[in-house]
Amino acid sequence: KTIDYRAFANCSLTRVDFPEGLKTIESCAFENNCFTEIRFPDGLETIGGCKGCSDLKKVELPKGLKTISRYAFCDCSSLTEIEFPDGLESIELYAFNHCSGLTKVEFPKGLKTIEESAFCDCYNLTEIDLPEGLESIGNNAFNNSDLRKIYCRPLSPPEIYMTSFPKINVRIYVPRE
């Protein structure tokens, strides 16, 4: 039910077929492989495994996913878009750090936390859509991005640290009550 930490790191894999019943892919399980796209199986609850897959362009995240773990897609510089499934609750530390191909991110309803530096150094990220129910955004979560628009859907804003959005000049759009 689990693929362990660094289980297939540095293997030059271009494709993987996941077993039925898989629940967890631990951090760095597929670090530094040669995927250009990857489809994770439905039922997977935690993903932590594609750090440094610099050729990765497309990711299909599964229904039922609850957590994107620390460093999950860190340094995936060719990743240009990511569609998060409803029900995702947490995006952990450095999950998308250095994903310079990302330009826009729309977070799903039900997301509760975006942790520290989750989207740090996403230099081309210009727009994000924060969902209802979001409770907190960690320090430096969007540091060194090029954010210009933030759509903030919650009527009650999430806990935001002073450095969640450092050094950016951004327009924030909030709903009317």
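- In this structure, I91 is a member of the same hydrophobic cluster as L56, with clusters built from ILVMFWY side-chain heavy atoms closer than 4.5 Å.
- Without hydrogens or angle criteria, T24 side chain to T46 main chain gives no donor-acceptor distance under 3.5 Å.
- A salt bridge does not link R6 with D4: every distance from a Lys NZ or Arg NE/NH1/NH2 to an Asp or Glu carboxylate oxygen is 4.0 Å or more.
- For Y151, the OH atom counts as densely surrounded, since its 6.0 Å shell holds more than 12 non-hydrogen atoms of other residues, nucleotides or ligands.
- Remark: side-chain polar atoms of N33 are paired, donor with acceptor, to backbone N or O of S12 under 3.5 angstrom.
- Between P62 and P41, the closest heavy-atom pair is CB-O, 3.0 Å.
- A donor-acceptor contact under 3.5 angstrom links the side chains of N139 and T163, judged on distance only.
- Using modelled atom types, no side-chain atom of N140 and backbone atom of S117 make a donor-acceptor pair closer than 3.5 Å.
- A salt bridge is absent between K58 and E37: the closest approach of a Lys/Arg side-chain nitrogen to an acidic carboxylate oxygen does not fall below 4.0 angstrom.
- Note: the hydrophobic cluster containing L130 also contains I68 (ILVMFWY, side chain heavy atoms under 4.5 Å, direct or indirect links).
- With salt bridges taken as basic N to acidic carboxylate O contacts below 4.0 Å, one links E127 and K104.
- Note: the hydrophobic cluster containing L93 does not contain I25 (ILVMFWY, side chain heavy atoms under 4.5 Å, direct or indirect links).
- Between C50 and C76, the closest heavy-atom pair is O-SG, 3.2 Å.
- Residues C28 and A9 come closest through the heavy atom pair O-CB, 3.9 Å.
- Taking NZ from K23 and CD from E45, the interatomic distance works out to 5.0 Å, rounded to the nearest 0.5 Å.
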**Request:** Please report the C-alpha distance between R153 and D129 in whole Å, then the side-chain angles of each, then the deciding distance to 0.1 Å, and finally whether the side chain to side chain contact (heavy atoms under 4.5 Å, CB included) criterion is met.
**Result:** CA-CA 7 Å; R153 307 290 177 195; D129 194 327; 2.8 Å; yes

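- Atoms NZ and CG, from K63 and L44 in turn, are 14.5 Å apart once rounded to the nearest 0.5 Å.
- If you chain together hydrophobic residues whose side chains sit under 4.5 Å apart, V59 and L88 fall into the same group.
- Panel note: side chain D75, backbone C99; no donor-acceptor pair is recorded below 3.5 Å.
- The side chain to side chain donor-acceptor pair (under 3.5 Å) search around T113 returns S90, not counting sequence neighbours.
- Here the side chains of L61 and I82 are in contact, with some heavy-atom distance below 4.5 Å.
- Of all the heavy atoms in K57 and L79, the pair that sits closest is O-CD1, 3.4 Å.
- With rounding to the nearest 0.5 angstrom, the SG atom of C122 is 7.0 Å from the CG atom of N97.
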**Message:** I'd like to know whether I128 forms a side chain to side chain contact (heavy atoms under 4.5 Å, CB included) with L147, so could you lay out the CA-CA distance, the side-chain angles of the two residues, the decisive distance to 0.1 Å, and finally the verdict.
**Reply:** CA-CA 8 Å; I128 58 173; L147 283 176; 3.8 Å; yes

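- Looking only at distances, a side-chain donor or acceptor of E92 sits under 3.5 Å from a matching main-chain atom of R70.
- Counting heavy atoms from C-beta on, the side chains of S136 and P158 never come closer than 4.5 Å.
- Between E31 and K51 there is a salt bridge, since at least one side-chain N of the basic residue sits less than 4.0 Å from a carboxylate O of the acidic one.
- Between L125 and T103 there is no side-chain heavy-atom pair separated by less than 4.5 Å.
- Using a cut-off of 4.0 Å between Lys/Arg side-chain N and Asp/Glu carboxylate O, R148 and D146 are scored as salt-bridged.
- The ring of F73 has its center no closer than 6.0 angstrom to the ring center of F35.
- The minimum heavy-atom distance between N32 and C53, with the atom names listed, is N-SG, 4.1 Å.
- Between I137 and Y161, every side-chain heavy-atom pair lies at or beyond the 4.5 Å cut-off.
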**Verdict with supporting geometry, F30 and Y71, ring-ring contact (aromatic ring centres under 6.0 Å, His included)** = CA-CA 11 Å; F30 294 98; Y71 301 101; over 10 Å; no

**Message:** Between I3 and F18, is the side chain to side chain contact (heavy atoms under 4.5 Å, CB included) condition met? List the steps.
**Reply:** CA-CA 10 Å; I3 296 176; F18 294 102; 4.0 Å; yes

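- Between the side chain of E26 and the main chain of Y5, a donor-acceptor pair closer than 3.5 Å is present.
- Here the closest heavy-atom approach between residue G48 and residue S69 is recorded as CA-CB, 3.7 Å.
- Ring centroids of F107 and F119 are separated by less than 6.0 Å, placing the two rings close together.
- Hydrophobic clustering, with ILVMFWY side chains joined whenever heavy atoms are under 4.5 angstrom apart, groups V16 together with L65.
- Of the inter-residue distances, the one linking D55 atom CG with T36 atom OG1 reads 7.5 Å to the nearest 0.5 angstrom.
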**Request:** Any chance you could lay out the side chain to side chain contact (heavy atoms under 4.5 Å, CB included) test for I150 and F142, step after step, and finish with the verdict?
**Result:** CA-CA 11 Å; I150 298 174; F142 296 94; over 6 Å; no

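- For N144 (side chain) and Y123 (main-chain N/O), no donor-acceptor pair under 3.5 Å exists by modelled atom type.
- Atom CD1 of I47 and atom CD1 of I38 lie 8.0 Å apart (nearest 0.5 Å).
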